[in-house]
Every structure is written in structure tokens, then in C-alpha cells.
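Step one of this worksheet: look at the structure below.
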Amino acid sequence: ASRFQRRRAPGEEQKASNLELFNDLVFVFAVTQVSHLLLDDLSWRGAGRAALVLLVVWSAWNYTAWVTNELDPDSPAVRLLLVALMFASLVLAVAIPDAFGERALLFAGAYVALQVGRHAFLAFAVAPAGTLERERAARILTWFVAAGVFWIAGGLAEGSTQVWLWLVALAIDWVAPLVLYWVPGRPRLTGETWDVETSHFAERFQLFVIIALGETIVITGATT
């Protein structure tokens with residue numbers, strides 16, 4: 001096992017660390033930014049674009065929660081990773097209101113940096129060579145790189161071309177787990193490949209919802 005992985009005693013439940021909660025706060029900010037994107041264009045087109053960006057934010061947060069489920073938050077290297085992910089998430093959030101305009105490349109670049117950087121660390125810094133963990137992380141990284149080509153291409157494009165490229169990229173991101181990150185020439189993985197601590201996931205989702213509700217109350221109070 002890697003020195004960066006969590007050490008779990010039998011029956012022990014994982015708890016979310018303070019750094020994970022700060023990460024959640026940044027993603028909640030990103031969700032509020034999606035609402036600003038929708039307010040700028042109250043139409044079916046605007047709703048579709050907001051839904052696309054919301055799925056991007058959700059995907060980024062979900063994979064971050066997944067990775068932190070495996071990593072030891074007390075490790076200095078993991079803490080640096082989480083800080084880097086927070087910075088990339090903040091850049092992503094700031095770019096959201098103009099994601100289909102002048103900040104398209106910033107939005108796409110921040111998202112690709114999040115997805116690829118996180119799993120490159122997991123594949124090559126955390127998982128030892130020849131292990132199932134390395135194989136699993138490398139498979140996910142392969143799909144992220146493939147989707148990243150379309151994300152960056154969309155960031156450089158304009159109009160309907162940009163939207164179609166991003167829809168292809170989003171489809172790749174969301175189809176990947178459905179096919180268990182299948183890669184040609186490699187043996188298929190099974191659902192049992194992923195060993196996760198369910199109590200940690202449940203706590204992360206619960207805390208994310210609480211933070212989001214708190215942010216909603218603060219914004220509502222400030223605008224009334």
C-alpha cells in the first residue's frame with residue numbers, strides 16, 4: 001500500500017477533514033456561480049448551458065470526494081494536492097459566469113487540470129506500479145485525457161461548435177463510469193474493484209448539502 005493511502009482499522013469510520021470541508025465550500029461557491037450564469041440568460045438556451053456547467057461542477061466535486069476517500073488527509077503531499085485542487089476549483093468557479101464567452105478556455109482548462117491532475121497524482125504518486133490501484137487510476141485518467149481534448153477544443157471554439165464539443169466531452173465523462181472505464185486491450189474491471197468507505201461518502205454528501213443550504217440562506221438574507 002502507498003504511504004499516501006488512508007489507514008483504516010476494521011470497523012473504523014472515516015471522518016471528513018477540515019481541508020475537505022474547505023474544498024466543499026469552494027464547490028458550493030461554484031454552484032452559486034451557476035445560478036448567476038442562468039440569471040444572465042433566462043431562456044431554454046440559458047437553462048441548457050447552466051445544466052451543462054452544473055454537471056461539470058458535480059463531476060469535479062464527485063471525483064474529488066472519491067479520491068479523498070482513499071487518501072490520507074494528514075499526509076503533507078495529500079494536503080498540497082487538496083490545496084492545488086481548491087485553487088483549480090476556485091478558478092473554475094470564477095470563470096463560470098462567462099464560461100461561454102471570454103473565459104471559456106479558462107473554464108475548460110481549470111476543469112481539465114482538476115480531473116487530469118488529480119488522477120495523475122493518484123495513478124503515479126499514490127499507487128505502486130503493478131497494483132490494481134494503479135491500473136484503476138490509470139484507466140480513469142485515460143478517459144479524462146480523452147475528454148480533455150474536447151474540453152480544450154471547445155474552450156478555443158465559439159458558438160454552437162463550442163457547445164457541441166463540450167457536449168461530447170461531457171458525454172465521455174459521464175459514460176466512463178457506466179462502462180467501468182473500459183480501455184481497449186486491457187482486461188475489464190468489475191464493480192468489486194472499487195473498495196470505498198461508504199460512511200465517509202455519506203458524511204461528505206451530508207456536509208455538502210448543509211454548506212449549500214447555509215449559503216442559500218445567507219444569499220437570500222442579503223438580497224431581501
Check your understanding: What pairs with Leu165 under side chain to side chain contact (heavy atoms under 4.5 Å, CB included), at least two apart in sequence or on another chain?
Key -> Phe150, Ala153, Ala157, Thr161

**Study point:** Ile152-Val91 co-clustered via ILVMFWY side chain contacts under 4.5 Å
**Key:** no

Exercise for review: Decide whether Leu38 and Val56 are clustered together by the hydrophobic rule: side chain heavy atoms of Ile, Leu, Val, Met, Phe, Trp, Tyr closer than 4.5 Å, transitively.
Suggested key: no

Review point. Is it the case that one hydrophobic cluster holds both Leu39 and Leu37, taking links as side-chain heavy atoms less than 4.5 Å apart, direct or via other members?
Key: no

Only pairs under 3.5 Å count here: list side-chain donor-acceptor contacts from residues 140-149, not counting sequence neighbours, and write none if there are none.
residue: Thr142; atom: OG1; partner: Ala138; partner atom: O; Å: 2.8
residue: Trp143; atom: NE1; partner: Trp182; partner atom: O; Å: 3.0

Practice item. Would you kindly confirm whether Tyr63 and Leu54 end up in one hydrophobic cluster when ILVMFWY residues are joined by side chain heavy atoms under 4.5 Å apart? Key: yes

Practice item. Provide the full list of salt bridge (charged side-chain N to carboxylate O under 4.0 Å, His left out) pairs with a residue in residues 44-61, sequence neighbours left out, each pair given once. Key: Asp41-Arg45

Check your understanding: Below 4.5 Å, heavy atoms only, C-beta onward: do Val67 and Leu85 meet side chain to side chain?
Key -> no

Could you list the donor-acceptor pairs under 3.5 angstrom formed by side chains in residues 101-126, with sequence neighbours left out?
residue: Arg103; atom: NH1; partner: Val94; partner atom: O; Å: 3.1
residue: Tyr111; atom: OH; partner: Ser59; partner atom: OG; Å: 3.2
residue: Tyr111; atom: OH; partner: Gln115; partner atom: NE2; Å: 3.0
residue: Tyr111; atom: OH; partner: Asp173; partner atom: OD2; Å: 2.9
residue: Gln115; atom: OE1; partner: Arg118; partner atom: NH1; Å: 3.0
residue: Gln115; atom: OE1; partner: Arg118; partner atom: NH2; Å: 2.5
residue: Gln115; atom: NE2; partner: Ser59; partner atom: OG; Å: 3.4
residue: Arg118; atom: NE; partner: Thr64; partner atom: OG1; Å: 3.3
residue: Arg118; atom: NH2; partner: Ala60; partner atom: O; Å: 3.3
residue: Arg118; atom: NH2; partner: Thr64; partner atom: OG1; Å: 3.3

Practice item. Applying side-chain hydrogen bond (donor to acceptor under 3.5 Å, both in side chains), name anything that partners Gln33, two or more places apart in sequence or on another chain. Key: none

Check your understanding: Counting only heavy atoms not in Trp164, do more than 12 fall under 6.0 Å of its CH2?
Key -> no

**Study point:** Atom pair OG/CG of Ser89 and Leu82 - distance to nearest 0.5 Å
**Key:** 10.0 Å

Review point. Can you list every ring-ring contact (aromatic ring centres under 6.0 Å, His included) pair that touches residues 68-101, not counting sequence neighbours?
Key: Phe100-Trp166

